[in-house]
Number of protein chains: 2
Amino acid sequence: MSDHQQQRTSSPPSLSGDALPPLEQHARQYETVRNAHETELIEDYVELIGDLLRHRGEARAADIASRMAVSQATVSKMIRRLNDLGLVTSKPYRSLFLTEEGQKMAETSRARHNVVLHFLRALGVNDSTARIDAEGMEHHVSDETLAIMQRFTEQQNS
Amino acid sequence: MSDHQQQRTSSPPSLSGDALPPLEQHARQYETVRNAHETELIEDYVELIGDLLRHRGEARAADIASRMAVSQATVSKMIRRLNDLGLVTSKPYRSLFLTEEGQKMAETSRARHNVVLHFLRALGVNDSTARIDAEGMEHHVSDETLAIMQRFTEQQNS
DNA sequence: CATGATTGTTAGCCAAGGCTAAACTGTTTG
DNA sequence: CAAACAGTTTAGCCTTGGCTAACAATCATG
Ligand SMILES: [Mn+2]
Ligand SMILES: [Mn+2]
Ligand SMILES: [Mn+2]
Ligand SMILES: [Mn+2]
């Protein structure tokens, strides 16, 4: 099929599915995704540290490493970054703590994560699948969509 | 844990929101996300190349660069990777084409992308927001969730 | 209180995915 | 048909986020 293959047997000129979005808009889609990827891991770390602090009272590098399924060296390096970003405070060989800013990020990340997770469950997705999907999706859900998801979930549970 | 600090004062055992998932499951969440990130960009390139071929008859590096809002050098490097992966064929200074395998990937990516996009619109999300969110979310939606989204969308449009 | 186990850090490696600058090719056009 | 221009490639750089191996600190325990 050098050109067009059958495609419908008798179709008029252009029946090639949805059109391409205008260039500017299309570009903005990919840019937004790239931006999300820059903060994604940071958010997951901060959120996890917050959760460990809330549930365990402390957040050790070793716990983060096993929860994230990543080496301790990787965690150690990332902790320095979080420190440089002013999100955590860490004395060597001691538990981590979140700065004010880190706490704020942890809360908003956790809130968003929960909205997505509960939405997926309300949609009918199996819990463990919902958890996996939410872990990735959360970073790519706009505020607009988030609000709609929340409304949907509330409506469903009533 | 050396010290614990206060940590509880007087509250009943656990009032710290949802519990942490069991370690194995939690680790699997992050692993799945990392895996998705490995193939994500590849899929977007292949999908875009497929769309350009369908809509324009050819896929030039310059078009990809402007659509992705990325430098031509970046595209050129990525094309070599796609070539090495057996997803595209490319003669220097000529338009790209998809291999069989590339076409298969383009189709399944496009199909999944569309399910997510149409689902978001059916949910009530504004079109341009839906496009942005779908571009990121698509790579983190399991088959299970995808099927549910599709059913939801169909049901909504009837 | 010495010592082994656990935990944390550092050094050095790698691949992916960006970038700019410079060189090269192909096409258009005066 | 020679330039000029547009498109493509290459070289070299950078950051992120992984890894392993070696070393260092802390903690538990006999
Ligand atoms: Mn999260
Ligand atoms: Mn996440
Ligand atoms: Mn896509
Ligand atoms: Mn995408």
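The chains referred to below are lettered A, B, ... by the order of the sequence lines, with proteins before strands, and numbering in each begins at 1.
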Show the atom names and distances, to 0.1 Å, of all donor-acceptor pairs under 3.5 Å that link a side chain in residues 85-99 of chain B to residues at least two apart or in another chain.
unit_1, atom_1, unit_2, atom_2, d
Ser90(B), OG, Asn83(B), ND2, 2.9
Ser95(B), OG, Ala59(B), N, 3.0
Ser95(B), OG, Ala59(B), O, 3.4
Thr99(B), OG1, Gly86(B), O, 2.7
Thr99(B), OG1, Leu87(B), O, 3.2
Thr99(B), OG1, Glu101(B), N, 3.4
Thr99(B), OG1, Gly102(B), N, 3.0

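The phosphate of dT9(D) (OP1 or OP2) has no side-chain N or O of Arg80(B) nearer than 4.0 angstrom. Side-chain N/O atoms of Thr74(B) include one lying less than 4.0 angstrom from OP1 or OP2 on dC19(C).
Within the 4.0 angstrom heavy-atom criterion, only backbone atoms of the sugar-phosphate kind lie near Val70(B); the bases stay farther away. Using a 4.0 Å heavy-atom distance criterion, Leu41(A) is classed as a sugar-phosphate-only contact. Base engagement by Ala73(B) is indicated by at least one non-hydrogen atom pair under 4.0 Å involving a base atom.
At whole-Å resolution of the value, NZ in Lys91(B) and C1' in dC24(C) are 20 Å apart. Rounding to whole angstrom units, CG of residue Asn35(B) and P of dA16(C) are separated by 14 Å. Computed from coordinates, the Ile42(B) CD1 to dA16(C) C1' distance equals 9 Å when rounded to whole Å. When rounded to the nearest whole Å, the span between CD of Glu43(B) and P of dA16(C) equals 15 Å. For the pair Arg60(B) CZ and dT25(C) C1', the interatomic distance rounds to 11 Å; values are reported in whole Å.
Think of Phe119(A) as one node in a network of Ile, Leu, Val, Met, Phe, Trp and Tyr side chains linked at under 4.5 Å; its network also takes in Val115(A), Val116(A), Leu120(A), Leu123(A), Val125(A), Met137(A), Val141(A), Leu146(A), Ile148(A), Met149(A), Phe152(A), Val115(B), Val116(B), Phe119(B), Leu120(B), Leu123(B), Val125(B), Met137(B), Val141(B), Leu146(B), Ile148(B), Met149(B), Phe152(B).
Arg54(A) has a carboxylate O that lies under 4.0 Å from a charged side-chain N of Asp51(A), or vice versa, which qualifies the two as a salt bridge.
The aromatic ring centroids of His37(A) and His140(A) lie less than 6.0 Å from each other.
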